[in-house]
Amino acid sequence: MENYILPPESLTNEAIAARLTASARNGIEDGSVKKKNLVYLELNGCSGNIISLLNGANPDFEYMMGSMVNLVYSNSLMAAEGEQAIDRLIKAMDEDYILAVEGAVALRDNGLYNIIGSWQGKPLTGLEAAKMLGEKASHILAVGACATHGGVSAARPNPSQSVGLQEVLPDKDMIKLPGCPVHPDWFLGTLAHILLYGDPETDNLGRPLMFYSTLIHDRCPRRPFFDRGIFAEKLGDKTCLFKLGCRGPVTRTDCPTRQWNGHVNWPIGDDTPCIGCAQFGFPDAMAPFISYDTTRVVKDE
Amino acid sequence: MSKRIVINPLTRISGFMEVEVIVDQHQVVDVKTKGNLFRGFEQMLVGRSPFDAVYFTQRICGICSAAHSMASSTALEDALNIEPSEQGRYLRDIIHCCEFLQNHIRHFYQYTVPDFVKIEGNTLLQADHNDFRLPQKVNRVISQHYFESLEISRLAHQMLAVLGGKAPHNHGVFIGGITTQATAEKIVHLDSILQKIAKFIDEKMIPDVFEISRYYPEYYRLGGGYGNLLTYGAFNHYKDIKTLYVDPLVYTDNGIQSFDETKIQEKIDYSWYKSSSSAYSPNDAIPEPDRKKEKAYSWVKAPRYNDLPFEVGPLARLILSGDYTNGISAMDRTIARALEAKKIAGIMKTLLDLLIPNTNVQKKYELPEEEASGRGLVDTTRGALGHWIKINDKKIAFYQIITPSTWDFSTRDEKGYLGTAEEALMGTPIQDPENPVEIGRILRSFDPCMSCATHVHRPGKEIKTIQVF
């Protein structure tokens with residue numbers, strides 16, 4: 001085979017991620033990749049990331065939870081309840097595990113604004129669970145905007161004093177998957193990489209480059225309209241949405257090409273501005289999400 | 001002697017809930033349902049652009065994000081005197097139908113089924129109790145459907161994304177209706193997915209729910225509660241086609257009556273909030289969070305209608321619309337969810353057939369110079385959802401939200417009424433105090449969403465630091 005010249009493999013990030021996931025699946029099936037335990041913690045948030053993960057396909061969630069990893073804890077899905085559920089969480093620490101966390105960590109009143117269970121007769125706060133599980137995990141994934149940087153849970157004035165996971169585990173390396181919610185491919189592709197090769201290559205903010213290395217603006221199908229100065233005046237228009245507040249120019253992720261929900265659509269394809277949900281600082285730094293006033297100002301110039 | 005049972009967390013719900021019951025002689029004699037997470041959305045919204053409320057409030061809940069965009073859009077329309085066109089309403093309600101379907105299918109299979117069916121092949125889905133009664137063959141079939149349903153609920157979200165851009169947290173629902181246009185291609189795409197989902201509901205979901213009910217018949221007698229029912233109306237008030245489902249109604253001992261929104265109040269007697277007044281109207285709220293409040297036990301407040309607690313959700317709607325007559329219980333709720341899924345699929349088909357392709361319903365909207373206020377009352381998957389907004393100086397000055405789970409999982413109040421779900425648990429026989437499966441089964445029949453139910457509002461002033469000892 002070494003003497004053959006093969007056709008070039010596609011080098012797009014999407015193609016690399018797809019091959020990666022396929023390799024993980026093959027490795028799992030032939031036994032060369034060992035299943036790891038996965039603890040999925042939901043903290044102070046909307047539980048939207050687990051719902052997004054259920055929307056994953058190729059591989060789907062069933063494959064992930066049954067074949068890629070042993071999913072040992074998930075508040076949304078597990079059959080056990082009460083102290084029996086928390087027992088499973090505590091026992092998970094006796095073995096090697098990957099920790100995935102969605103939702104922010106609420107600091108107010110020593111974490112009492114987010115209690116995730118009872119343990120030994122006392123409330124177990126999200127803050128305690130994050131620290132306890134984070135210390136012993138072999139890999140940590142911060143899943144979704146609230147876990148990566150506080151996100152919506154930390155929106156001004158932040159009544160619950162919510163913060164991203166890194167803030168309560170300052171010395172721990174973690175992979176950050178911002179987005180509201182996380183795209184299932186970003187999570188599953190990252191998990192596949194960990195199983196096959198360990199941590200993926202990340203940028204300076206901890207985001208996997210294979211999903212977060214390109215600006216939305218650079219690959220937007222409406223970019224030609226921007227370049228020619230043709231701008232939408234209202235939602236529903238088919239031209240560039242920049243003047244309605246689009247955050248594509250500052251948001252680094254692969255939405256334009258990956259799209260959502262089986263690749264059927266995405267926010268800009270729905271004739272609305274990107275609101276920068278996958279950008280650090282969302283939502284406050286990305287607000288206002290929709291602004292009609294900019295169009296008027298430009299016209300007046 | 002009495003025994004105290006605490007379940008924390010109640011898993012397979014959205015968000016975090018704790019339930020504490022006192023059992024005496026194998027019967028529940030006291031109950032407290034507690035919402036255990038708090039973010040403070042109403043306060044976050046103050047000062048933001050009113051247009052941003054639609055996408056921002058979706059983030060309250062990843063399960064019913066479209067519901068919040070529905071209520072937020074209609075509240076804004078009310079405040080800005082915008083009347084969506086009939087096509088705009090159909091289009092928006094189609095997106096809402098998609099979320100109904102995803103929610104009901106996922107709730108039944110991923111959240112309810114593991115209570116009654118031993119799901120084979122995955123340790124996460126192994127329960128610790130042994131009250132499983134289905135014959136092996138039936139158990140295997142429904143166990144398979146648990147996994148099959150993941151694809152179906154995924155398809156429901158895919159449908160949602162066709163017009164909504166993405167799910168959860170769609171971009172399509174907005175004032176005026178939806179943001180994009182429904183091309184003929186999109187309409188056919190939606191219809192083809194809907195057929196697959198409707199087939200699954202008819203052939204698997206509904207038979208499965210009745211199969212389970214055959215082996216757990218006592219749940220027709222458990223979980224009834226007060227029996228007060230409320231709906232803000234669902235798929236109703238269309239100009240040409242009037243009502244496809246149910247109008248705003250309430251049911252009490254006095255029979256069925258029209259809903260009167262001025263009778264809604266919220267109480268915080270036993271909630272972790274402080275205020276100069278313990279009861280107030282939804283557009284007049286003043287409490288701030290107070291985790292130290294002694295007799296309080298939950299972040300969920302206590303909405304009341306005419307001073308009474310009410311149940312909201314699929315069962316309330318089906319009964320009030322006259323489509324379901326069997327009764328009120330945990331099992332009736334679960335059956336109603338499956339039957340409603342079928343009804344919603346039919347409604348969505350009706351709406352799709354009414355669409356005119358390529359209708360553009362968006363405009364360039366402007367905010368008024370003067371003060372404005374509005375409210376959006378929408379029945380959504382879990383029941384009656386209300387958003388109230390006030391706009392001043394072109395910014396949100398006030399926002400209030402009462403969610404379906406606030407109605408169903410409220411605290412008790414000083415008049416002696418328990419919350420709806422609390423009352424539903426009273427008197428429940430507990431066969432095995434070490435594995436009190438009855439409690440979770442009854443509570444999950446209400447489809448709890450604690451992410452939605454915990455809120456606070458106080459405009460302006462800085463939050464005081466509260467010491468914990």
Side-chain angles (χ1 to χ4, degrees), chain A residues 44 46-49 51-52 54-55 57 60-62 65-66 70-72 74-82 84-85 109-110 112-118 152-153 155-157 159-160 162 180-181 233-236 260-262 264-267 269-272 275 283 287-290 292, chain B residues 6-12 14-16 36-40 43-44 48-49 51-52 55-56 59-63 65 110 114 121-122 124-128 147 150 154 157-158 161-162 164-169 171-172 174 179-181 289 291 360 362-365 440 451 456 463 466 468:
Chain A
N44 210 29
C46 73
S47 297
N49 297 289
I51 298 300
S52 185
L54 291 177
N55 288 338
D60 60 17
F61 190 83
E62 178 185 358
M65 78 188 290
N70 295 314
L71 183 53
V72 297
S74 160
N75 184 72
S76 285
L77 295 172
M78 69 199 303
E81 62 186 4
Q84 288 160 344
D109 286 0
N110 292 325
L112 286 180
Y113 278 52
N114 175 216
I115 291 168
I116 70 160
S118 288
V152 169
S153 294
R156 183 196 62 247
S160 58
S162 284
C180 186
E233 293 195 354
K234 62 186 196 297
L235 304 188
W260 287 79
N261 302 98
V264 303
N265 209 353
W266 67 307
D270 209 46
D271 306 331
T272 65
I275 63 177
F289 302 148
I290 293 167
Y292 298 99
Chain B
V6 173
I7 299 182
N8 184 14
L10 183 74
T11 51
R12 278 174 288 122
S14 181
F16 294 100
N36 266 349
L37 97 168
F38 173 86
R39 288 164 297 165
Q43 186 159 8
M44 295 173 187
R48 291 180 192 270
S49 163
F51 299 126
D52 283 9
Y55 293 161
F56 198 95
R59 270 72 191 183
I60 291 169
C61 179
I63 285 179
S65 44
Q110 271 70 61
N122 196 296
L124 184 78
L125 305 173
Q126 300 301 301
D128 297 291
F147 292 106
L150 285 169
R154 189 163 75 229
H157 265 179
Q158 189 179 107
V162 169
K166 95 184 207 276
H169 303 330
H171 271 233
F174 199 67
T179 56
T180 188
Q181 299 84 38
R291 187 61 174 70
N360 192 340
Q362 280 305 306
K363 292 171 182 170
K364 186 175 165 184
Y365 297 108
S451 305
V456 71
I463 293 284
I466 297 172
V468 176

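Quick note: numbers below take in every heavy atom, side chains included, and nothing from hydrogens, waters or symmetry partners. Residue numbering restarts at 1 for every chain, and letters A, B, ... go by the order of the sequence lines.
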Discussion item. Run the side-chain hydrogen bond (donor to acceptor under 3.5 Å, both in side chains) test against A/Ser47 and tell me which residues pass, sequence neighbours left out.
Written reply: A/Glu42
Worksheet item: Taking B/Ile63, B/Val162, B/Asp128 one by one, which has the highest count of heavy-atom pairs under 4.5 Å against chain A?
Response: B/Asp128
Worksheet item: When rounded to the nearest 0.5 angstrom, what is the spacing between CG in A/Leu235 and CD1 in A/Ile290?
Response: 5.0 Å
Worksheet item: Using a cut-off of under 4.5 Å for heavy-atom pairs, which of A/Ile115, A/Ile275, A/Asn114 has the most such pairs with chain B?
Response: A/Ile115
Worksheet item: What residue, out of A/Gly66, A/Ser74, A/Gly117, A/Ser52, has the most heavy-atom pairs lying under 4.5 Å from chain B?
Response: A/Gly117
Worksheet item: Can you say whether A/Ser76 sits under 4.5 Å from chain B via the side chain, the backbone, both, or neither, judging by heavy atoms?
Response: both
Worksheet item: What is the distance from atom CG of A/Asn49 to atom NE2 of B/His169, rounded to the nearest 0.5 Å?
Response: 7.0 Å
Discussion item. Taking ring-ring contact (aromatic ring centres under 6.0 Å, His included) as the definition, give me every residue that meets it alongside A/Phe61, ordered by chain and number, with sequence neighbours left out.
Written reply: none
Worksheet, complete the sentence: Given A/Pro267, A/Gly236, A/Ser160, the one with more heavy-atom pairs under 4.5 angstrom with chain B than any other is A/Pro267
Practice prompt. For the residue pair A/Phe289 and B/Phe56, categorise the inter-ring angle as parallel (less than 30°), tilted (30 to 60°) or perpendicular (more than 60°).
Written response: parallel
Fill in: Ring geometry between B/Tyr365 and B/Phe174 (parallel below 30°, tilted from 30 to 60°, perpendicular above 60°)
tilted
Worksheet item: If you count heavy-atom pairs under 4.5 Å with chain A, which of B/Ile7, B/Leu124, B/Asn122, B/Val6 comes out on top?
Response: B/Leu124
Worksheet entry | chain A contact via B/His157 - side chain, backbone, both or neither, heavy atoms under 4.5 Å | both
Item to complete: Return the option, out of B/Ser49, B/Pro114, B/Gly172, B/Ala161, with the maximum number of heavy-atom pairs under 4.5 Å with chain A.
Response: B/Ala161
Worksheet entry | Note, B/Gln362 side chain near B/Gln181 side chain (heavy atom, < 4.5 Å) | no
Worksheet item: In terms of heavy-atom proximity below 4.5 Å to chain B, should A/Val152 be classed as side chain, backbone, both, or neither?
Response: both
Worksheet item: Contact part of A/Ala85 toward chain B, heavy-atom cut-off under 4.5 Å: side chain, backbone, both or neither?
Response: side chain
